[in-house]
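Take a look at the structure set out below.
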Amino acid sequence: KMLGYIWQYVYSSFLRYWLKWLIRHVTGQCELQRICSAYKPGAARTSRAEYSLRSSKNKVLRGASECNRDKLQQRVEEIMKVKKIKPQKDPLFERSLYVCLLQITGHSSLCVSVEDLRKKTFNSEDQDHEVMLLNLWELLMPTVKLESRITKQWGDIGFQGDDPKTDFRGMGMLGLINLLFFSQNYTEEARQVLSHANHPKLGYSYAIVGINLTEMAYSLLRSGALKLHFYNTVEETPELQHFHQLYCYLAYEFDKFWVAEEPESIMQFNQYREKFHEKIKALLQEPDVSLRLTLRSGKK
């Protein structure tokens with residue numbers, strides 16, 4: 001391990017610079033040009049471009065990965081000037097680098113947006129919040145009338161108390177919006193998952209597990225583990241809807257995983273949650289990872 005750290009330090013501090021210099025003089029292209037021409041769009045290209053930019057000794061390149069979207073084109077032009085890249089000699093480079101920067105900076109922006117939703121608490125006096133909660137009930141339980149706003153009926157879709165707002169505290173509005181997004185965009189599948197959650201033997205708390213999976217998605221985003229997934233699945237800037245789509249994948253796949261594993265009781269939830277978490281983390285390390293919810297009907 002120590003030898004590995006020493007080699008990494010020597011390579012990144014000294015050898016990499018001279019190797020890049022040598023290859024540039026042999027090929028006539030800088031590292032970013034070689035990356036954009038050699039790798040297809042997606043994680044293969046963007047992750048390498050990101051590493052190249054962040055490890056550069058030039059502040060223009062190093063700062064590009066943290067640039068505001070409205071200044072990205074200007075930053076691309078500055079990079080081309082610094083690297084002496086002529087558009088007529090490499091006409092595809094400018095657009096390729098711009099898309100890479102959209103993905104890289106977009107991930108940072110997405111982290112901010114998700115964090116804002118997580119911090120936003122459910123407010124019973126906010127009519128929009130109340131409507132979202134009631135919509136969730138109507139989508140999941142279309143044939144059952146909700147007797148009142150505060151009722152034990154919420155237990156039918158997996159909330160712990162008479163008032164669901166207490167269960168959103170950990171993930172704020174992010175938890176509710178994920179549950180609602182799944183129900184709105186994959187209504188049939190959400191009802192199917194709920195029916196499994198209400199199974200007499202293999203059942204689990206649908207809403208609470210959903211909020212738990214929101215926390216999983218949130219932690220994966222914050223750690224950077226979702227970068228390759230977003231670079232592969234979103235052509236330009238990842239936005240909130242793409243995060244909600246990932247949640248849908250986790251909710252659907254966890255249900256399949258839980259049913260297949262056949263746990264003895266809900267008391268083993270943490271054990272199986274961690275097993276599922278490790279499975280997802282392993283998938284996210286694959287270069288071509290794309291955690292999309294693909295259904296038999298062809299819906300996405």
Side-chain angles (χ1 to χ4, degrees), residues 7-116 220-243 284-285 287-290:
W7 165 251
Q8 182 64 31
Y9 173 76
V10 172
Y11 174 76
S12 60
S13 300
F14 306 104
L15 296 181
R16 186 170 182 273
Y17 172 80
W18 291 108
L19 187 60
K20 285 167 60 179
W21 179 87
L22 178 62
I23 295 175
R24 166 133 202 187
H25 279 73
V26 171
T27 64
Q29 290 186 321
C30 71
E31 184 177 49
L32 284 172
Q33 284 178 289
R34 297 194 300 274
I35 289 170
C36 288
S37 61
Y39 296 97
K40 64 181 182 180
R45 176 186 289 173
T46 302
S47 60
R48 287 173 173 83
E50 182 175 14
Y51 177 77
S52 178
L53 291 167
R54 291 188 187 279
S55 59
S56 175
K57 295 182 183 298
N58 185 290
K59 67 179 182 180
V60 173
L61 275 72
R62 201 167 55 247
S65 60
E66 299 173 358
C67 185
N68 293 331
R69 179 168 180 166
D70 58 352
K71 294 183 179 178
L72 285 185
Q73 183 58 41
Q74 178 186 336
R75 187 53 59 96
V76 170
E77 292 169 4
E78 290 173 354
I79 290 173
M80 293 180 72
K81 186 176 180 181
V82 168
K83 290 296 183 180
K84 299 181 173 63
I85 300 171
K86 305 293 183 184
Q88 57 270 31
K89 288 188 176 181
D90 193 348
L92 300 178
F93 175 76
E94 185 173 349
R95 174 61 185 172
S96 297
L97 181 59
Y98 181 74
V99 171
C100 286
L101 289 178
L102 278 175
Q103 291 186 313
I104 294 166
T105 59
H107 180 272
S108 299
S109 298
L110 179 60
C111 287
V112 173
S113 298
V114 169
E115 182 66 27
D116 287 345
L220 289 169
L221 177 71
R222 297 290 295 178
S223 71
L226 295 180
K227 279 186 178 182
L228 297 186
H229 159 72
F230 285 131
Y231 292 167
N232 281 327
T233 57
V234 185
E235 290 184 6
E236 294 190 350
T237 302
E239 297 175 352
L240 274 172
Q241 63 172 331
H242 301 114
F243 179 80
L284 288 169
Q285 291 177 22
D288 295 325
V289 61
S290 176

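The first residue of the sequence shown is numbered 1, and numbering continues consecutively from there.
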**Item:** Working for salt bridge (Lys or Arg N to Asp or Glu O under 4.0 Å), residues Arg95 and Glu236
**Value:** CA-CA 11 Å; Arg95 174 61 185 172; Glu236 294 190 350; 2.7 Å; yes
Should [X] and [Y] count as side-chain neighbours, where that means a heavy-atom distance under 4.5 Å?
X      : Y      : answer
Leu110 : Leu226 : no
Arg45  : Cys100 : yes
Val60  : Ile79  : yes
Glu94  : Gln73  : yes
Lys89  : Gln29  : no
Met80  : Asp90  : no

Got a donor-acceptor contact below 3.5 angstrom from the [X] side chain to the [Y] backbone?
X      : Y      : value
His242 : Glu239 : yes
Asn68  : Asp70  : no
Ser37  : Arg34  : yes
Gln103 : Val234 : yes
Gln33  : Cys30  : yes
Ser56  : Leu53  : no
Asp288 : Asn232 : no

**Verdict with reasoning, Lys83 to Leu61, per side-chain contact (heavy atoms from CB on, under 4.5 Å)** = CA-CA 10 Å; Lys83 290 296 183 180; Leu61 275 72; 3.6 Å; yes
At their closest point, which heavy atom of [X] faces which heavy atom of [Y], and how far apart are they?
X      : Y      : answer
Leu284 : Ala225 : CB-O, 3.6 Å
Ser52  : Glu31  : OG-OE1, 2.6 Å
Ala64  : Arg75  : N-NH1, 3.4 Å

Give, for atom [atom1] of [X] and atom [atom2] of [Y], the distance between the pair rounded to the nearest 0.5 Å.
X      : Y      : atom1 : atom2 : value
Gln241 : Ser113 : CD    : OG    : 12.0 Å
Lys86  : Phe93  : NZ    : CZ    : 14.0 Å
Tyr39  : Ser96  : OH    : OG    : 14.5 Å
Tyr231 : Arg48  : OH    : CZ    : 13.0 Å
Leu102 : Thr46  : CG    : OG1   : 9.5 Å

**Message:** A quick test of your reading: do over 12 heavy atoms of other residues, nucleotides or ligands sit less than 6.0 Å from OH of Tyr98?
**Reply:** yes
**Asked** Would one find more than 12 heavy atoms of other residues, nucleotides or ligands at under 6.0 Å from atom CD of Glu235?
**Response** no
**Message:** Pairing donors with acceptors under 3.5 angstrom, does anything connect the side chains of Arg69 and Ser109?
**Reply:** no
**Message:** Ile104 vs Lys227, test: side-chain contact (heavy atoms from CB on, under 4.5 Å). Steps then yes/no.
**Reply:** CA-CA 8 Å; Ile104 294 166; Lys227 279 186 178 182; over 6 Å; no
**Audit row: Cys67, Leu101, side-chain contact (heavy atoms from CB on, under 4.5 Å) steps and yes/no** = CA-CA 8 Å; Cys67 185; Leu101 289 178; over 6 Å; no
**Request:** Answer yes when Lys81 and Glu78 have at least one side-chain N-carboxylate O distance shorter than 4.0 Å, and no when they do not.
**Result:** no
